[in-house]
Amino acid sequence: MLIGKSWMSRYVCHQTVNRVALRVVLYSLAVFFSITGKAAPSQLSDYFREVWTTRDGLPHNTINAISQSEDGYLWIGTWEGAARFNGRSFTVFGRGEPSGMPDVGIRTIHKNRQQNLIFAGARGGLSERRPDDWQSWQPYRVLINGVADDKQGNLWLATEGQGVYRQAARGERTQLTIQQGLPSNVVSSVLSTDDGSIWLGTGRGLVRLNSEDESFALEQVNGLPEVPVLALTAYNNGLLIGTERGLYQYQAGQVSVFSPQLMNLPVSVLLAFDNQIWIGTTDRGLLRYSDAGLESLNMAAGLPNNRILSLFHDRENSIWVGTNGGLFRLRDAPFVTLTTEQGLAGNYIRSVLSHSDGSVWVGSSQGVSRITKQGVEAIDLSAYSDAQSVLSMVEGPDGSVWIGTYSDGVLQWQNDAIVQQYNRRTGLLANEVRAIAVAPQGGLWVGTGHGLNYVDSNGVRSFTTEDGLPTPFVMGLYLHNDGRLFIGTGGGVVIRSPNGDITPVDISNLDDAEYAFGFAPDPAAGLLWMSTDRGLVAYELATGRLTMLGRNAGLPFDKVFQAVIDQDRHLWLSSNRGILRFRREQIEDYLAGQREQVDYELFGESDGMQSAQANGGSMQAATLAQDGTVWFATSKGASRVSPTQLKRFSANTPPVVIEGFKVNGLALPLHTEKDIAPGADRIEIQFAGLGFVMPERIQYRTRLQGFDNSWVDRGSNTIAEYTNLAPGDYQFMVSASYPGGAWGEQNASFRFTIAPYFWQQTGFWLVALLTVIAMVIVAHRWRMKSLRQRAEELSNQVAEQTYTLKQQADNLRKVDEERSALLLEIKRQAAEFEQQARSDKLTGLANRRAFDESLHRECARSKRRNLPLCLALLDIDHFKQINDTFNHSIGDRVLKLVADAISQHCREEDLVARWGGEEFAILLPNCDNQAAQDICERIRQAVSETDCSAIAPDISLTISIGVTAYHSDDTFDKLISRADKALYAAKEAGRNRLTQI
C-alpha cells in the first residue's frame, strides 16, 4: 500500500496549479431527452448509476483497473487483490495460489492478443489468467503501472521509477532507462499499436520505439509539455494523449491540442469508442466528449470520488468507472426517472398526463411541469394556488388541461394561461380534487375528498353518500362513451347512469376489496380495469361480470394504483412496491379460465427508478404517451419506460459459467470431468449468468443428462441441487436469458461420474441373490414348524393385550378432552384480558399503554431508517361545558363520535389513542410535516362538520390540534412535551385550529 500511495502522491503537487478553465467551459445540452424516444445517444444525466464499495464485497475502494475476460467475468484491480464480478457477488484473488502474485496490490489489468488477462502491480507481480489455469513470472520488484504486448508476443511493462521492461515470449528481460534515452524513469502508460510502435508515457513526455528494432532506438514526440503522460489510447488512426496539463492528439506525425476546452485538464485515463471520448481526471471527475458536446459527472452527481483511475466499456455497453472511492457504473436502464435535477417542479409526483399534442404533463406536490421535444417547461399556478400542490390532471376535448390541486380546487389551463377556477367558494364540496372527468357536452365532473361535483352552465351540483356514494372520498373517475360514469371511492365503486341512477358495483366479495384507486379502459377486450387495494379487477362493460386478478392469480402484493395498456396491449400496474408488467396472452388465458395464475415482471430501483414507490389515489397515476412510453408517478420523480427498449435488453443473451461444485457440502475443484467416490448423497452445482445490465433478472434453465428428461426452469435461482443420484455418468448443462429473451445457444456444461459401492455392482447382487434363495428354503421349513406351535399361544396373548390397550386408550381420550377444554378456556380469558389492557373501554381506541409501546417502536424505527414521524395531540374544545350543560352520558357519546371521526380520516398505518379525558393522540409514521398537517387539518374539518343533533340539540364540536415532528435526538418526553406545547398554543390562539411546532 505504501507503493500505491507513493504513486498517487506524485501527482498531488501538480493539481493546485490548473483548476480554473474546465469549470467555465463545460457544456451540457438543454434538452436532456426527446419526447419521441428517438433521441441521439443518452446524455450522462439519463444513464442509470450504480456504486459498489467494500460494503458490497470489494476488497478495497481504490479501483486501479477494470477488464472483462472472454468468459464474461468482469475483473476489478484494487490494492487488496483482483476481484472477479459475476453481476451479483465478488470473488477475490490475492497473493499466492492460484494467481501466483507476490502481493495483493493490483495496479493494471491488460488483455493480450490471445484474449487472456495479464495482472500486474505492487512488488512487480506479473501473472496471466488463461482459460484453464494461471501463469506467473518472477516479480520485478517495482510497481508496474501499465502492460502492453506486441505482435511478436513480447510484454512491455511501464514501471514507477525503473523505466520500461521488455519481457520476451521466452522470458528474457531487457530494461530501458534514462541511460538508453528515456526522458524519465517514471513510465505511467504504455501502448502497442498495429504499426509495430510502442508508445511510452513518461514523467517528461511521450516517446516511441519500434518493437521490431532490437536497437531500441527511442524517438521523442515533440509538441507536448514536459509533464507526465498518464493515459494513451488509439483514436482515429492516431493517438489520444492524456497529460497532467490537458488532452492532446497525435495525427500523421503531428501533436495538437485536442480541444481548447480540455486545456490544463489533468487527464488520468482515457476510453474512446463510437465517436465518444471518456476522460477520467485526477481530481475533477469524469467527462465525456461527443457530438453532444462536453459533459461531466462529479461527486455532486453521484461519483464516489472525483479521482478517476480506470475506465472500461463492457459488452453490454455499460461504462465502468474506477475511482478512489469505489466502483461506479453508467448504463442504460429500462426506466428513466426525471426529477428536479432535470427541471421538474418537484420530486413527489402524484399525476402524469399524456397530452394529444405529444407532450407529457407531470403534476407534483410543488407544481406542474410540461415535457416537450424542446425540454421541460414549468406551468406557473402561483396566481391561483399558493402551494401549487397538484393531485390530478385530465385533458379536455378542446385540448385544455384541467388541473386538480390539493387545497385550491380545480384549474383550467388553456393557451398558456389559467382561464377558470372552481373551488369551495364557487360551490365545490372541497378544494382537494383527486379526480376529474370532462363530459363531451362540456360538463365537468370533479371528485373531491368530500364528495362528487358536476359543473356546467347551470351551476354546481353535489353528490355525497346521501345520493348513493359509498364514501365521500372520491379517487377515480371514468366517463364511458355510453354516458356511464364510473366512480372510485374509498368504499368501493358505483356507476352513475345517464338518467341519474347510481348503482353500486359490489367488489367486496373479491377478496374483500374496498378502495378503488383508478380506472383504465381496455376497448379491444371490452373491459374496464379497476385498481383496488386487493388487486386488479376486470369489469366486462357489456355484462358487468367481475374477475379479480389478485394474490390468487399470482400478484406478489395486494394494493395496485393504476393500470396502463401499452401499444402491444400488455398490461402495466403501478404499486407501492414497484411496477408490474403482465403479458396480454396470459391475461386472456386467465380470464378465459385456461390458466390459474399469470406470470409477472416486477421493476424497481435496480431498473432505473429512483424510487420503487409509485403514488396513487388520484388520477392519472400512470399514462401511455404518444411515443409508446409508459409514465408513472412515484415518490421520487416521474419514471418512464419504453416497452420497445425492453425488447432490446431482452435480445442480449448473457454468457453462463459454472462456478462451483459441491458433494455432500464439500467444495471440489472444477474440471472438465469429475469422478466422485461412492456415497454422494447430495450434489450442488453453482452457476451464474454473466450479464451486468439486469443481473438479478437473469433466468436460468438446467438439464442433468442421465437424470432429467427435459430442461428444468430455475427462475433466477443460481444453484441446482440433486440428492440420492444413482451411480453412473452425468452431464450437467445450464443456459441463461433475460426475461422475454432467447436462451443462449452455448450452454455451460460439466460432466461427472458417481462410482458405485461394491455392493451396488451386478456381480455382488447375483451372488447375494443365490445365497438368499438357499437360506430362505432352509429357514422356511424350520420356521413353519415353530410358527404352528406359537400360533395358538400368540392368539391368546393378542386378545388379552387388545382388551387392556382399549381400556387405556379410553382413559387417555377422556383426560385429553378435559385438558383441551381447559386450555381453550384459559386462552379465551387471556385474550380478553389482553384486549382490555390495551384498549380504551369507551371509544375502542388504543389506550395510553398501547400508545406508549407504539411510540417507542416507531421512534426507534424512524431513527434507524431515517424515516419521518409526526405526533399530534387533539383536545375537544369546551368539552367541560358539554358535561356541565347536559350530562356525562352525553359527553361519553360525544367522545365516541369524535373518536370515530378521527379514525375515519387517518391512514391505515396511523395509530389513534385516547390520551386523557377529552384528549386524543395520533402517531403518524412515515409522514413528514406537510403530510401530517394535511391529515390533521382534514380531521379538524371533519369534526367541525359533525352533526350532533342525534345526541343532543345545540352541540357544536370543534377541536384544537398540536402537531410536531420527531427528531433523531428527541426523547419521548421531549417529543410529547413539544406536541403538548403546540396544542396549548392552538388553544391560546382561539381554539378550533392546528398549530405546528
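Any value given below was found using the heavy atoms of this structure, including those in side chains, with hydrogens, waters and symmetry copies removed.
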Main-chain N/O of [Y] paired to [X] side chain as donor or acceptor, under 3.5 Å:
{"X": "Thr771", "Y": "Val767", "result": "yes"}
{"X": "Glu316", "Y": "Gly691", "result": "no"}
{"X": "Ser136", "Y": "Met101", "result": "no"}
{"X": "Arg113", "Y": "Asp150", "result": "yes"}
{"X": "Arg331", "Y": "Val693", "result": "yes"}
{"X": "Ser99", "Y": "Gly94", "result": "yes"}
{"X": "Ser268", "Y": "Ile308", "result": "yes"}
{"X": "Thr78", "Y": "Pro59", "result": "no"}
{"X": "Asn210", "Y": "Glu212", "result": "yes"}
{"X": "Glu684", "Y": "Ile719", "result": "no"}

Identify whether the distance between the nearest side-chain nitrogen and carboxylate oxygen of [X] and [Y] falls below 4.0 Å.
{"X": "Asp599", "Y": "Arg595", "value": "yes"}
{"X": "Glu601", "Y": "Arg697", "value": "yes"}
{"X": "Asp71", "Y": "Arg129", "value": "yes"}
{"X": "Glu721", "Y": "Lys662", "value": "no"}

Quick one, [X] and [Y] - any side-chain contact, counting heavy atoms below 4.5 Å?
{"X": "Leu311", "Y": "Val321", "result": "yes"}
{"X": "Arg288", "Y": "Ile319", "result": "no"}
{"X": "Ile683", "Y": "Ile676", "result": "yes"}
{"X": "Tyr47", "Y": "Leu297", "result": "no"}
{"X": "Pro228", "Y": "Val186", "result": "no"}
{"X": "Phe312", "Y": "Ile76", "result": "no"}
{"X": "Pro304", "Y": "Met299", "result": "no"}

Problem set entry | Rounded distance [0.5 Å steps], CZ in Arg701 versus OG in Ser710 |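 Spacing of CZ (Arg701) from OG (Ser710) equals 10.0 Å.
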
Would you name the heavy atoms of [X] and [Y] that are closest together and state the gap between them?
{"X": "Ala688", "Y": "Asn86", "value": "CB-ND2, 3.8 Å"}
{"X": "Leu327", "Y": "Ile63", "value": "N-CG1, 3.8 Å"}
{"X": "Gln645", "Y": "Asp332", "value": "NE2-CB, 4.4 Å"}
{"X": "Ala720", "Y": "Phe687", "value": "N-CE2, 3.6 Å"}
{"X": "Pro556", "Y": "Tyr600", "value": "CB-OH, 3.4 Å"}
{"X": "Ser192", "Y": "Asp149", "value": "OG-O, 3.2 Å"}

More than 12 heavy atoms of other groups within 6.0 Å of [X] [atom1]:
{"X": "Arg49", "atom1": "CZ", "answer": "yes"}
{"X": "Asn709", "atom1": "CG", "answer": "no"}
{"X": "Arg864", "atom1": "CZ", "answer": "yes"}

For this session: Hey, can you tell me if Phe90 and Phe85 have their rings parallel, tilted or perpendicular (30° and 60° cut-offs)?
Result: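 Parallel: the ring planes of Phe90 and Phe85 meet at under 30°.
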
For this session: Mind telling me whether Trp75 and Phe119 have parallel, tilted or perpendicular rings, with 30° and 60° as the class edges?
Result: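 The arrangement is perpendicular - the two ring planes meet at more than 60°.
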
For this session: Quick one: do Trp134 and Glu97 satisfy side chain to side chain contact (heavy atoms under 4.5 Å, CB included)? Show the steps, please.
Result: CA-CA 9 Å; Trp134 292 72; Glu97 296 298 327; over 6 Å; no

Problem set entry | Cation-pi, Tyr140 ring and Arg173 (6.0 angstrom, 45 degrees) |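 Satisfied, under 6.0 Å and within 45°.
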
For this session: Is it possible for you to check whether Arg714 lies under 6.0 Å from the centre of the six-membered ring of Tyr722, through NZ or CZ, and within 45° of that ring's axis?
Result: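 Ring-cation test returns yes.
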
For this session: Among Ile106, Val190, Leu157, Val187, find the residue that satisfies the side-chain contact (heavy atoms from CB on, under 4.5 Å) test when tested with Ile144.
Result: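 Only one of Ile106, Val190, Leu157, Val187 forms a side-chain contact (heavy atoms from CB on, under 4.5 Å) with Ile144, namely Leu157.
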
Do [X] and [Y] pair up side chain to side chain, a donor and an acceptor below 3.5 Å, judged on atom types alone?
{"X": "Glu659", "Y": "Tyr73", "answer": "yes"}
{"X": "Ser749", "Y": "Asn747", "answer": "no"}
{"X": "Asn116", "Y": "Asn112", "answer": "no"}

Exercise. Given the side-chain rings of Phe752 and Phe661, with only the six-membered ring counted for Trp, is the space between their centroids under 6.0 Å?
Worked result: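 Under 6.0 Å, so yes.
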
